[in-house]
Amino acid sequence: MKILDRYILTTYLRTFMSVFIILIMIFILQTIWLYIKELAGKDLDIIVVAKFLIYFTPKLIPLVLPLTILLSSIMVFGSFAENYEFAAMKSTGISLQRAMSGLSVFIIILGITTFFFSNNVIPWAEYNSYNLRRNIAKLKPGMAIAEGQFTNIGDNYNIKVRKKSGDRGQFLEDVIIHKKDANGRINAATITSKTGELVGEEKSNVVKLILFDGFYYEDIPKKNTSERKKHPFAKASFKKYDFNIDLTEFNKVDLEEKSYDDRYNMLNIKDLDYTIDSLITKQYENHETLVSNLYKRSNVYKVKPKRAPVAKEVKKTAAEQKNDSIYTGEILELFDTKTKTQIVDVAQKSVVSTQQLITTKKNTSKLAKVSFNRHIIAFHEKLALGFACIILFFVGAPLGALIRKGGIGLPMVIAILLFLTYHFIGIFATNSAKNGSFNPVLASWFSTLVMLPLGIFLTKRATADKGLFDIDSIIEPLKKVLNIKEKNSVDYKFLNSHTNDQLIDVIKNYETLGHEENCRFEAIKILNNRSISTKELIANGLPLNKDYLTSETTVKNYKDHAKFSIVLYGVGVVLLVLFFVFRNNKLPSLATASIQLSFVSLLLFIIYYVKSLLNISSFYTHLSKKRKRPNLALLIIGFPLYMISHPFLNSKIKEDLKFNCLDSLK
């Protein structure tokens, strides 16, 4: 390893480790704050809390590591540029790419290591943390009771409270308790009270619940069906009511128990691949089962047709008798009245049951689709994380070289903004993919793919030693479109006072007269405005190549087609807006007319827009000196946003026609 590579690597590693430790501590504190309710009041020893944090720390790596790489790259390379170390490297012939090459090898190795970490360590951490959280939640019923929702306590009680208070959450307000029967299947009694208190000793397996000012309702089972429909119950009021709850199961909680191992984020690549195949097979089997059930529910085929008596039969014509196997009349006419009633009744019941079955299967299928998409996302996220680390390095390193700022200030702000963009794009894509509205494979890679062109763009600009943004490339086209002239620019209005002969003399002898070359083109424009065509000027001895006439004609055709395009585009867009206005104001006839006319206008716009593109292609093909064609992105934008692209296209073609004219003058 050369001295330069060693110096860059050691500098980067020092910054990387410092940033990584700071960020991991910040995220661990955020994790503690997030799960403080699950840990507080459970009498957990320090070892259990330490295990909780150890299990949660690996799950923070997909957030911490990309941000660390991005921030470290900006800080280190920004510091190199700020201290003129890059200038010293370039003076010895070392480019930015060469300076990044040694560090790139380290980043690639880190990306590969990150894949193995996400494939093995993160599923292990997810498996242990999930089981530990579930076991901790069972430790104390006082903490297990959540405000505003029903909570199962013991085997026979379901409790809901409006508010808890006290240092251990032992004081309860607005208590509702459902007590189950001996079988534990139905709620046999309901108890309500204004206040309550949980009382118990630390090592006891029994906790006493004392209720104040409430009512006790108990169902009275009846053997008679008609009596059961009246829902008889017994009611009693009380000032104080207490009973014991057995906490044997709570106090026997084993924090090391690991009974849940089938969640998608607990699986590695191999397990996910197997599970995805199983889900596909299961989905196919469910579809086959649904098809079979729907077929079996069609009970009409079980009803045997019973022909009506001969006297009631419909008389057949000769043609019908000839084609006896084909019946085109009402199918119910083949059956008697009783059978008709049976068929209609069976059909109605079959339709209702089929609708219920389809609705149930639709909901089940939706949940199965979400589960399947989660497994797909988890599979590809393990692959995408390593690539994301590499790409974010190629975003941060050239960006630091471009902004020329090291330290914590500006690099920190830029890194956080870029990372938040990367992170939230990934979150939005993943959330959309879970319900099937976005491709789950693309969702896992989407934020990485968004950062890829940014990394390529920044690397190219940093390698070419250009600024972060080229303002002139944006301002100059706008000046041309808005016809804004520079302070020192030449004004050609003085040519308007010249006669035709004087203008022709300017074209032929501009150097002798002390004019610049652009005066020749302006003089030709003035002559054309005075109804003297370019063809006539050539016939009268103007030293202009005849090929210019073809270019001029092509540009004229382009302008005609462009005018039609801009008018049709404007009319189509206005009518489209009116369509929504009329529809929202419940004017259906006007809305229908607007959308039809808008469709016609936009269709004609497409035709004339294509013609104008053909004119542009012909113009640049004909130019004697090949000039750069309009940017493809501008032509693509011009289709949906023609109002924006039209002025820029006109400005460019006008300028290129001027250069063609000057090149054609002999």
Salt bridge (charged side-chain N to carboxylate O under 4.0 Å, His left out): pairs with one or both residues in residues 108-130, sequence neighbours excluded: K59-E126

Pairing residues for F379 by the ring pair (Phe, Tyr, Trp, His ring centres under 6.0 Å) criterion, not counting sequence neighbours: none

Contact check, side chains of F372 and I280, non-hydrogen atoms, under 4.5 Å: yes

Partners meeting side-chain hydrogen bond (donor to acceptor under 3.5 Å, both in side chains) with Y422 (sequence neighbours left out): none

Heavy-atom side-chain contact between W124 and M266 under 4.5 Å: no

Side chain to side chain, Y569 and I606, heavy atoms closer than 4.5 Å: no

Gap separating the CG atom of L272 from the CG atom of N119, nearest 0.5 angstrom: 8.0 Å

Between N83 and S79: side-chain donor-acceptor atoms closer than 3.5 Å: yes

Sequence-distant partners of H423, ring pair (Phe, Tyr, Trp, His ring centres under 6.0 Å), two or more places apart: F419

Partner residues of S617 under the side chain to side chain contact (heavy atoms under 4.5 Å, CB included) criterion, sequence neighbours left out: T621, R629

Qualifying residues under ring pair (Phe, Tyr, Trp, His ring centres under 6.0 Å), relative to F446, sequence neighbours excluded: F438

Non-neighbouring partners of K163 that pass side chain to side chain contact (heavy atoms under 4.5 Å, CB included), sequence neighbours left out: E147, E173

Side-chain heavy-atom pair S101, V105 within 4.5 angstrom cut-off: no

Within-4.5 Å side-chain heavy-atom neighbours: P398 and F77: no

D273 side chain to I269 backbone, donor-acceptor under 3.5 Å: no

Partner residues of N158 under the side chain to side chain contact (heavy atoms under 4.5 Å, CB included) criterion, sequence neighbours left out: F150, N152, H178

Test side-chain hydrogen bond (donor to acceptor under 3.5 Å, both in side chains) applied to Y7 - qualifying residues, sequence neighbours left out: E85

Donor-acceptor contact below 3.5 Å, side chain S118 vs main chain F115: yes

Sequence neighbours excluded, every pair satisfying side chain to side chain donor-acceptor pair (under 3.5 Å) that has a member inside residues 378-399: H380-W445

Partner set under side chain to side chain contact (heavy atoms under 4.5 Å, CB included) for T31, not counting sequence neighbours: Y35, F56, L60

Residue list, side-chain hydrogen bond (donor to acceptor under 3.5 Å, both in side chains) with N439, at least two apart or on another chain: none

